[in-house]
Amino acid sequence: MVGTELVWEKCAGLVVETEAYLVEGDEACHTFKRPSARAFVERNKPGAAYVYFTYGAHWMLNVLVKGGPRDGIILIRALEPRRGIDLMRKRRGLEDVRRLCSGPGKLTQALAITKRHHEIDLCSDPAHCFRARPNDNLEVVADPRIGISCAKDFPWRFSLRDSPFVSVPVKRPRR
DNA sequence: CGCTAGATGAGA
DNA sequence: CTCATCTAGCGA
């Protein structure tokens, strides 16, 4: 998904950072402890939006993927704003383009994503979808997930190499 | 720049 | 009680 364009009504941005959560056996995935999350996976097709509220303040946008034992939920963590930037600025109350969508809670605020988008199909609505883009030299790096308190070792945070739009800069080896 | 505190609501 | 976060406020 990194490198695709997330289209959201009047706004759009390049996906530059995601995190993968595995439905089976991943302690950090909602399905590990929540029957409601498992029911969501059961009743939905791949491409369904999984939107939830956390820390009493922030919405998180996730996408359901399916592949048998590799069923998963992908958290969209950061975007490089491409369209509707002034609208994003207004919603965020910020000017700096790099800070508009550089975090999972920031991008939902910039795109006005809330509970009402939970469970919508992101494969059938042109106003809410991921568009493939021609990417010639796309370099994606994998690192440990951040912001979680368990299963920290899985290197399932994926980001566009050297993107200045990610949430937390990827640690680069010194040279 | 880095660090910390605290807001705030839903699920279990 | 925990939590896949963010920002203001403070100090260097």
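Numbered from 1 within each chain, the chains take letters A, B, ... in sequence-line order. Reckoned from all heavy atoms, side chains included, excluding hydrogens, waters and symmetry mates.
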Using only side-chain N and O atoms of [X], determine if any of them is under 4.0 Å from OP1 or OP2 of [N].
X: Arg92(A); N: dT7(C); value: yes
X: Lys106(A); N: dT7(C); value: yes
X: Arg77(A); N: dT5(C); value: yes
X: Ser36(A); N: dA12(B); value: yes

Side chain of [X] only, heavy atoms from C-beta on: which candidate in [options] is closest?
X: His58(A); options: dG11(B), dA4(C), dC6(C); result: dC6(C)
X: Arg34(A); options: dA4(C), dG11(B), dG9(B); result: dG11(B)
X: Leu94(A); options: dC6(C), dT7(C), dG9(B); result: dT7(C)
X: Tyr55(A); options: dC6(C), dT5(C), dG9(B); result: dT5(C)

>> Check the orientation of Phe53(A) and Trp59(A). Use parallel for under 30°, tilted for 30 to 60°, and perpendicular for over 60°.
In response: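 Ring orientation of Phe53(A) relative to Trp59(A): tilted.
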> Mind checking whether Phe154(A) and Trp156(A) have parallel, tilted or perpendicular rings, split at 30° and 60°?
Replying inline: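 Geometry flag for Trp156(A) against Phe154(A): parallel rings.
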> Under the 3.5 Å rule, do the base of dA4(C) and the side chain of Tyr52(A) count as making a donor-acceptor pair?
Replying inline: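 Indeed, a donor on one side and an acceptor on the other fall under 3.5 Å apart.
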>> Under a 3.5 Å cutoff, is there a donor and acceptor pairing between the side chains of Glu17(A) and Ser167(A)?
In response: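 Judged by distance alone, the side chains do pair up.
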>> Whether the Gln109(A) and Arg91(A) side chains hold a donor-acceptor pair (N or O, under 3.5 Å, no angle test) is what I'd like checked.
In response: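 No.
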Rounded off to whole Å, could you give me the [atom1]-to-[atom2] distance for the [X] and [N] pair?
X: Phe158(A); N: dA4(C); atom1: CZ; atom2: P; result: 18 Å
X: Glu27(A); N: dA4(C); atom1: CD; atom2: P; result: 11 Å
X: Leu61(A); N: dT5(C); atom1: CG; atom2: P; result: 14 Å
X: Phe53(A); N: dA12(B); atom1: CZ; atom2: P; result: 16 Å
X: His118(A); N: dG9(B); atom1: NE2; atom2: P; result: 19 Å
X: Leu22(A); N: dA4(C); atom1: CG; atom2: P; result: 16 Å
X: Ile73(A); N: dA4(C); atom1: CD1; atom2: C1'; result: 11 Å
X: Met60(A); N: dG9(B); atom1: CE; atom2: C1'; result: 13 Å

>> Under a 3.5 Å cut-off for both contacts, is dA4(C) paired Watson-Crick or G-U wobble with anything, and if yes, with which nucleotide?
In response: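 For dA4(C), the partner nucleotide comes out as none, under the 3.5 Å rule.
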>> Could you identify the nucleotide paired to dT8(B), looking across every strand shown and requiring Watson-Crick or G-U wobble geometry with both distances under 3.5 Å?
In response: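 Answer to the pairing question: none, since dT8(B) forms no Watson-Crick or G-U pair.
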> Sequence neighbours excluded, which residues qualify as side chain to side chain contact (heavy atoms under 4.5 Å, CB included) partners of Ser36(A)?
Replying inline: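 Applying side chain to side chain contact (heavy atoms under 4.5 Å, CB included) to Ser36(A) gives Arg34(A).
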> Mapping Cys150(A) and Gly103(A) to their closest nucleotides on DNA chain C, which lands nearer the 5' end?
Replying inline: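 Upstream on the strand: Cys150(A).
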